[in-house]
Amino acid sequence: MGIAASLLLVGCGTGAPGPSPVTPSPTPSSPASASVGTPAPAPVLGPPGAAGCAPASPTAIEPVSGLTEVQGTAPDANSIYGLIMAPFPLAASNTTSKFVWRITGSGDLAVTVKKPDGSSGQLAWGPDDHEDSTYDRPGDEWGTGIILNAAGCWELNFDRGGATFAVYLLVGPEAPLPTG
């Protein structure tokens, strides 16, 4: 089942141009006293995103799925990563874009959306917790659907057990319809 899920994820690629693959820097070996099963730190994809997309949250191609991955801004010792299961770069559209999130911490997850004009947006669905996954980042996995129907900077805010996280997504103008 895990192989089938990986193949399915790879098959979801859009062929659209996206961020360049990022190869994380090698990390020193763990000392012998480290506990067995402790995951290695996740790579940093770039400088953290900030309000107004100055800068937008960093992205890279996730090597297993070939999908675009985004790294959000997180408090100390926490992390948030997401797979963007939509064509990238993102373009304004009235269709739902699916995101798969890996978020550290404990407790339920609350997500709020701020549109580029500063008004409140809403999720099309989610957050839904996922029990099984091949997405290899720290934390628990959740899914959300968002209709990114305007160009500009979208701010996604996450609260999990009192820890707050943010993702800043730059969405381009709606793609023109093909003529013919």
Side-chain angles (χ1 to χ4, degrees), residues 9 12-25 41-105 109-127 133 135-160 163-176:
L9 284 175
C12 292
T14 65
S20 301
V22 170
T23 305
S25 335
V44 173
L45 302 182
C53 290
S57 294
T59 59
I61 300 298
E62 196 277 328
V64 174
S65 67
L67 295 170
T68 301
E69 179 178 41
V70 62
Q71 181 179 13
T73 303
D76 292 337
N78 284 290
S79 65
I80 179 170
Y81 289 86
L83 284 179
I84 301 172
M85 303 184 88
F88 196 86
L90 295 167
S93 170
N94 286 319
T95 61
T96 301
S97 296
K98 179 180 179 181
F99 295 85
V100 175
W101 305 104
R102 295 289 288 198
I103 305 170
T104 57
L109 179 66
V111 182
T112 57
V113 178
K114 186 192 293 186
K115 294 180 171 188
D117 66 5
S119 66
S120 293
Q122 65 184 90
L123 298 175
W125 54 268
S133 174
Y135 184 30
D136 189 22
R137 291 288 181 244
D140 297 320
E141 185 170 300
W142 305 79
T144 59
I146 306 168
I147 298 174
L148 303 167
N149 58 2
C153 185
W154 287 72
E155 184 176 324
L156 311 179
N157 293 293
F158 302 79
D159 185 299
R160 183 152 194 226
T164 57
F165 307 80
V167 173
Y168 305 95
L169 298 172
L170 191 56
V171 175
E174 187 171 355

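Between the OG1 atom of Thr164 and the CG atom of Asp159 there is a distance of 6.5 Å, given to the nearest 0.5 Å. Separating the OG atom in Ser120 from the CG atom in Asp117 is a distance of 9.5 Å, to the nearest 0.5 Å. The distance from the CG atom of Leu169 to the CG atom of Leu148 is 6.5 Å, given to the nearest 0.5 Å. Note that CD1 of Ile80 is 8.0 Å distant from CG of Leu156, once rounded to the nearest 0.5 Å. Taken from OG1 in Thr59 to CG in Leu83, the straight-line distance is 12.0 Å, to the nearest 0.5 Å.
Within the 4.5 Å cutoff, side-chain heavy atoms of Arg160 are placed close to those of Asp140. By the 4.5 Å heavy-atom criterion applied to side chains, Trp154 and Lys115 are counted as neighbours.
Across Tyr168 and Cys153, no two heavy atoms sit closer than the pair CB-SG, 4.2 Å. When all heavy atoms are compared, the tightest approach of Leu45 to Ala60 is CD2-CB, 4.0 Å. Across every non-hydrogen atom of Gly49 and Pro58, the tightest pair is N-CD, 4.0 Å. Summarising the geometry of Ala163 relative to Asn78, their closest heavy-atom pair is CB-ND2, 4.4 Å, with the distance given to 0.1 Å. Taking both residues in full, the closest heavy atoms of Pro173 and Ala91 are given as O-CB, 3.5 Å, listed atom of the first, atom of the second, then distance. Taking each heavy atom of Pro48 and Thr73 in turn, the nearest pair found is CB-OG1, 3.9 Å.
For Thr144 (side chain) and Pro127 (main-chain N/O), no donor-acceptor pair under 3.5 Å exists by modelled atom type. Between the side chain of Arg137 and the backbone N or O of Arg102 there is no donor-acceptor pair closer than 3.5 Å. With hydrogens and angles disregarded, a donor-acceptor distance shorter than 3.5 Å links the side chain of Thr104 to the backbone of Ser79.
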Checklist entry - What's the verdict on side chain to side chain contact (heavy atoms under 4.5 Å, CB included) for Ile84 and Phe99, showing C-alpha distance, side-chain angles and the deciding distance? => result CA-CA 5 Å; Ile84 301 172; Phe99 295 85; 3.7 Å; yes
Item to check | Derivation of the side chain to side chain contact (heavy atoms under 4.5 Å, CB included) call for Leu123 and Val113 | outcome: CA-CA 7 Å; Leu123 298 175; Val113 178; 3.8 Å; yes
Next on the checklist: As a quick check of understanding, evaluate side chain to side chain contact (heavy atoms under 4.5 Å, CB included) for Ile61 and Thr68, giving each step before the final call.
Outcome noted: CA-CA 5 Å; Ile61 300 298; Thr68 301; 4.1 Å; yes
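When the shell of 6.0 Å around CG of Asn149 is examined, it contains more than 12 heavy atoms from other residues, nucleotides or ligands.
Across Glu62, Gln71, Glu69, a single residue satisfies side-chain hydrogen bond (donor to acceptor under 3.5 Å, both in side chains) together with Tyr81, and that is Gln71. Only one option out of Phe158, Phe165, Tyr135 pairs with Trp101 in a ring pair (Phe, Tyr, Trp, His ring centres under 6.0 Å); it is Phe158.
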